[in-house]
Novice: 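Take this structure, written in structure tokens, and hold onto it; I'll ask about it next.
We number each residue from 1, following the sequence as shown. Note that ligands are numbered from 1 as they come in the structure, with each ligand's atoms numbered from 1 the same way.
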Amino acid sequence: MPVSTLSVRTRALMAACALGFCAPAFAGPNPTAEAQTLDILKHAIAFRSVQGPGNQTPLFAAYLKGQLVAGGFAPEDVTITPVDDTAFLVARYRGSDPKLKPLLLSGHMDVVEAKPADWERDPFTPVIENGYIYGRGATDMKFGDATLVATLVDLKRQKFTPKRDVILVLSGDEETIMKTTQMLAAKFPDAYMLLNADGGGGALSEDGKPEYFILEGAEKAYGDYQLTITNPGGHSSAPRKENAIYELSAVLTRIGQHQFTPQINEITKGYFLAAADRAEPSTAAAMRAFAADPTDKAAIATLTADPAEVGHIGTTCVATMVNGGHALNALPQRATANINCRIFPGTSFKQVEDELVRVAAEPKMQIHFIDTGTTASPASPMRKDVTDAVRAGLDVAYKGVPIVPGQASGASDSMWFRVRGVPSYGVAPIFIKDSDDFSHGLNERTQLFNIAPGVAYWKVLITRLSN
Ligand SMILES: [Zn+2]
């Protein structure tokens, strides 16, 4: 973004941030809530909330319940439900009108496995260095858990009463099978909306300037399809015209040449219009042309050729694994391939399967959808009350930073709520540099300057959207 649009105060904040020591140089710093956020975050990283033996997610949930109850929640309003080796947490902040649908705040307590031997610092020991906190979950997403809990406690401290109930829903297996997420979504199918602290978020330039903020309103679905062609086989010295490997190869060539009909929705249209302001000229022109007319052939060709953009213009499918034959000197009895698809919101798994079968044009081919426990979900509408609240929340510390609608390629808890008709938005107030993004990876870290604006931001969102 053009830095000139930032206020002088924000620029001063950013200059300090670039050094890694950001003072909360905006109106309304909140030392109590900020200190509690950091304290919770340090405790949170120390819980090894990883799927499998020794999973400490239930202990982490109990710790968070302790913080909430000490902060003024009635013990019966904070429940922990054990599920297999994990658990989910529900904390209800009671509003004045129980007839109104609740506002959900969402996050997950589990983290991706981390092998201490591979890390420079122990992943389950919080380490603070040069303005960063290091540890598994520092970004994804114990930072968000800590900020939400501390903000809710702060609102209790200030005797804030929302109109509608505000319900914190923390899942316990988002990184793996999402069973707890599905249970949570089933509990609240009529929620007003869901704000997910595990999606969206801000981009920092390498010199520490906020560039834009992604407000995520949709995600593509993930689908794997196994293709199989079988054959009686035989001796390789007596080849026949029918050959499972050749037939599968021809199928894969046809699928490789196929393009799914480009699609656009309100979110990707908004994304292209905003992204065009920062793209190089030919890409920018294609983005604007596609936003105006998603059948524009030249724009489609340009965006299709760009690996960073092709996923934004529709469903993509690509061969990722292939296997065939059983001996060097035998005709293959079987050839299989995996086709991995990223499916545009509004398109079902079955529709993609039918299209793959049609394109394959091979009656002998069998197709099998591999159920990986995900779902296809519709896009949530870009509501004005949401964008206005996010604008106001960001303006506390990042005045004028552009808000870009986002459609994620990965899956988050939001999808299970979207399929039930709950509008869901990824709105995490963390600004991060590309070079610092180690979610799921080694040496995960987040800059601590995010705490103060994060608390202020959540207070704006929660107070505005619960009324
Ligand atoms: Zn996450």
Side-chain angles (χ1 to χ4, degrees), residues 37 40-41 44-52 55-57 60-61 64 83 86-89 104-114 123-124 126 133-149 168-185 194-203 213-222 342 372-375 377 380 406-418 422 424-432 434 436-447 450-451 454 457-458:
T37 301
I40 294 174
L41 177 55
I45 287 172
F47 287 103
R48 203 179 174 290
S49 52
V50 176
Q51 185 195 42
N55 185 349
Q56 293 187 333
T57 305
F60 179 30
L64 291 177
V83 181
T86 186
F88 64 82
L89 178 147
L104 303 181
L105 308 175
S106 138
H108 62 83
M109 298 177 287
D110 59 310
V111 292
V112 172
E113 175 66 291
F124 299 104
I133 185 159
Y134 288 80
R136 173 57 89 224
T139 312
D140 185 11
M141 60 145 303
K142 288 175 169 172
F143 195 102
D145 297 332
T147 315
L148 283 175
V149 169
L168 177 67
V169 292
L170 299 181
S171 62
D173 53 2
E174 192 270 352
E175 299 290 5
T176 52
I177 58 172
M178 295 193 179
K179 185 170 167 184
T180 61
T181 315
Q182 293 177 62
M183 293 170 78
L184 283 166
L194 176 136
L195 302 175
N196 193 341
D198 188 36
F213 181 84
I214 301 275
L215 168 52
E216 187 212 286
E219 52 202 321
K220 294 180 92 174
Y222 176 107
R342 306 302 172 120
T372 52
T374 63
T375 187
S377 61
S380 298
Q407 175 167 289
S409 298
S412 80
D413 282 342
S414 297
M415 67 182 179
W416 290 107
F417 291 87
R418 288 196 186 106
V422 177
S424 302
Y425 304 95
V427 292
I430 298 183
F431 279 75
I432 197 163
D434 269 353
D436 282 338
D437 189 0
F438 287 93
S439 299
H440 297 198
L442 289 177
N443 307 316
E444 186 178 342
R445 59 184 178 261
T446 292
Q447 282 182 289
N450 281 290
I451 290 178
Y457 166 95
W458 276 119

Novice: So that I can check it, does any N, O or S atom in E174 come closer than 2.8 Å to the Zn ion (ligand 1)?
Specialist: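 It does not; every qualifying atom lies at 2.8 Å or beyond.
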
Novice: For N/O/S atoms only: which one belongs to D140 and is nearest the Zn ion (ligand 1)?
Specialist: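 Output for this pair reads OD1.
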
Novice: Can you name the one residue among V111, D436, D140 that meets side chain to side chain contact (heavy atoms under 4.5 Å, CB included) with E444?
Specialist: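 Single side chain to side chain contact (heavy atoms under 4.5 Å, CB included) partner of E444 among V111, D436, D140: D140.
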
Novice: Side chain to side chain donor-acceptor pair (under 3.5 Å), that's the test. Do D413 and S171 meet it? Break it down for me.
Specialist: CA-CA 8 Å; D413 282 342; S171 62; 2.7 Å; yes

Novice: Under the criterion side chain to side chain contact (heavy atoms under 4.5 Å, CB included), which of L170, V422, L194 is the partner of S106?
Specialist: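 Answer after filtering L170, V422, L194: L194.
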
Novice: With side chain to side chain contact (heavy atoms under 4.5 Å, CB included) as the test, pick out the partner of H108 among K142, M178, E175.
Specialist: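 Exactly one candidate clears the test, E175.
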
Novice: Suppose we only allow N, O or S atoms; which atom of H108 ends up nearest to the Zn ion (ligand 1)?
Specialist: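 The closest N, O or S atom of H108 to the Zn ion (ligand 1) is NE2.
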
